[in-house]
Protein chains: 2
Amino acid sequence: MAANPERTRNPDRSRAAILDAAERLFADQGYEATSLNQVGAAAGVSRGTPGYFFGSKLELYQAVLDRSFTEVREAVREGRARALASNEDSETILAGAVSDYFDFLAARPNFVRLIEREALSGSRLPEGASLSAGQEALAAISAELGLDDAPSGEAAQLLLSIISLCWFPLIHARTVAPAVGVGLENESLMEQRKRHVVALVLHGLRGTPLSTTSTEPSSHD
Amino acid sequence: MAANPERTRNPDRSRAAILDAAERLFADQGYEATSLNQVGAAAGVSRGTPGYFFGSKLELYQAVLDRSFTEVREAVREGRARALASNEDSETILAGAVSDYFDFLAARPNFVRLIEREALSGSRLPEGASLSAGQEALAAISAELGLDDAPSGEAAQLLLSIISLCWFPLIHARTVAPAVGVGLENESLMEQRKRHVVALVLHGLRGTPLSTTSTEPSSHD
DNA sequence: GATAACTTGCTGATCAGCAAGCAAGCTGCA
DNA sequence: TGCAGCTTGCTTGCTGATCAGCAAGTTATC
């Protein structure tokens with residue numbers, strides 16, 4: 001029960017263990033419901049160690065978010081490079097990007113939950129700290145895909161739809177999804193969901209005239 | 001600053017004021033971050049009154065959810081009756097239902113946030129209490145639209161997509177939406193978003209074969 | 001032996017729940 | 001009509017628990 005006295009000291013390992021534990025606990029329970037006591041216990045250190053390394057609870061939380069965003073930023077950069085390098089047609093690129101984004105989020109449930117909690121509580125971080133990094137990444141994607149120069153904003157709307165479709169099932173896999181008869185419990189069911197999302201986005205891309213400000217007279221959209 | 005001594009007693013008004021205040025505070029800050037002190041102050045009663053009327057903090061929370069779900073259940077019943085009464089073609093009905101659902105959620109930001117928090121924390125309610133009411137309502141809709149007997153689940157997938165698309169912008173109106181260049185600040189921008197969602201769903205409906213299992217390929221009422 | 005890596009004891013603050021108190025208004029009775 | 005007594009709405013003081021942060025202690029490692 002007591003902390004193992006044989007354990008060797010290792011600040012790097014302790015920091016990482018604390019960040020891991022805090023990420024999971026903050027994501028599962030939220031900031032207020034998580035105590036530094038819990039974090040320490042889950043990380044295999046004492047109650048005071050998180051404070052020793054990170055100063056305060058808020059700073060620990062910020063460090064968790066920072067680490068997540070750094071990881072996300074790198075993944076986004078890689079994904080963008082891959083998309084640019086390919087010379088497929090834009091529809092295939094979009095389908096691949098949606099699929100990748102879906103998988104990316106599915107592999108990072110803690111990240112999704114943390115951001116969702118941030119969005120719900122209107123960010124307890126000073127001002128545009130880590131969160132702006134995520135927004136910056138999204139803005140970069142949208143610029144990269146040439147989706148931001150259409151004044152109609154139709155492309156931006158589609159991007160927001162893509163994010164909605166990939167994001168939502170991860171949060172509501174145990175609430176809304178089963179209620180409407182969509183199972184998401186195993187990998188093949190998630191794959192099925194992903195195929196539906198990709199198909200829906202492609203139908204939307206084909207069906208929507210991407211730059212019709214006031215030209216088309218007949219369409220009754 | 002002190003409570004107005006002129007104030008007449010009125011348990012109904014007090015109960016309602018407490019429920020209103022608690023709904024807003026729980027939705028904005030979450031369960032843990034909200035104290036009964038805050039609830040009392042926001043409701044114009046003393047610190048102890050919420051406990052007097054509702055027993056405990058958890059019971060107050062449950063009462064807030066119950067009231068929300070009752071309201072939602074009634075609205076769903078009305079919407080269903082309206083859809084059944086109309087004799088438009090199914091595509092028009094679906095478009096109207098999506099539009100109504102979008103407006104319905106947009107008019108109930110507290111409800112959306114409460115459910116979102118519930119989903120994130122895995123329901124602190126005993127077991128399938130209020131939440132199942134919402135699931136029940138969704139299941140009813142899906143059955144009503146005849147979307148649940150297709151073994152392929154394509155229709156259920158589309159329903160989940162509809163919910164995702166209507167739900168997401170309400171939570172991320174201040175985070176993701178501006179980052180991708182979609183404004184949602186005023187009514188006309190929300191209207192624009194709604195039109196996009198309806199159009200996307202209709203494209204999905206047209207583009208996807210709804211019953212490609214082994215039954216009748218043509219008739220789908 | 002110095003410094004860094006922890007742990008443990010302490011403190012003040014906050015909070016939920018309880019219980020005691022108080023007063024407004026009703027009910028029954030003269 | 002008036003008053004006594006009771007119920008009910010609501011407040012306030014108290015208690016035990018929890019928690020974040022700090023400071024002082026302890027031990028490994030360089």
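Numbered from 1 within each chain, the chains take letters A, B, ... in sequence-line order.
- Counting to the nearest Å, the P atom of C:dA16 and the CD1 atom of B:I18 are 14 Å from each other.
- Rounding to whole angstrom units, CG of residue B:N10 and P of D:dG9 are separated by 10 Å.
- Under 3.5 Å, the side chains of B:R113 and A:S121 contain no donor-acceptor pair of N or O atoms.
- Remark: A:D20 does not engage A:R15 in a salt bridge, criterion side-chain N to carboxylate O under 4.0 Å.
- D:dG21 atom P lies 15 Å from atom OH of A:Y61, rounded to whole Å.
- Listed pair B:S14 / D:dC10 meets the phosphate criterion, a side-chain N or O lying under 4.0 Å from OP1 or OP2.
- For A:K57, taking side-chain heavy atoms from C-beta onward, the closest of the listed nucleotides C:dA5, D:dG21, D:dC14 is D:dG21.
- Straight-line distance from the CD atom of B:E32 to the P atom of D:dT18: 14 Å, rounded to whole Å.
- Here the C1' atom of nucleotide D:dA20 and the CD atom of A:E59 are 13 Å apart, to the nearest Å.
- For A:S46, counting side-chain heavy atoms from C-beta on, the closest listed nucleotide (C:dT7, C:dC6, D:dC10) is C:dT7.
- Contacts of A:G48 with the nucleic acid, taken as non-hydrogen atoms under 4.0 Å apart, include base atoms.
- Side-chain contact, B:S68 with B:E71: no donor N or O sits under 3.5 Å from an acceptor N or O.
- Taking every side-chain heavy atom of B:Y52 into account, D:dT11 is the closest of D:dT12, C:dT7, D:dT11.
- Phosphate proximity of C:dT14 to B:S35: absent, as no side-chain N or O sits under 4.0 Å from OP1 or OP2.
- Between A:S56 and A:E59, the side chains place a donor N or O and an acceptor N or O closer than 3.5 Å (distance only, hydrogens not considered).
- Summarising the geometry, the separation between CG on A:L25 and P on D:dA20 is reported as 12 Å, rounded to the nearest angstrom.
- If you check the side chains of B:E23 and B:Y61, you find no donor sitting under 3.5 Å from an acceptor.
- Side chain of A:L36, nearest nucleotide from D:dG21, D:dG9, C:dG17: D:dG21.
- Atom-to-atom, CG of B:L60 to P of C:dC15 comes out at 15 Å; the value is rounded to the nearest Å.
- Atom CZ in B:F53 sits about 18 Å away from atom P in C:dA16, given to the nearest Å.
- For C:dG9, its base sits under 3.5 Å from the side chain of A:R47 at one donor and acceptor pair at least.
- Nearest to the side chain of A:R9, among D:dC10, C:dG17, D:dT26, sits D:dT26.
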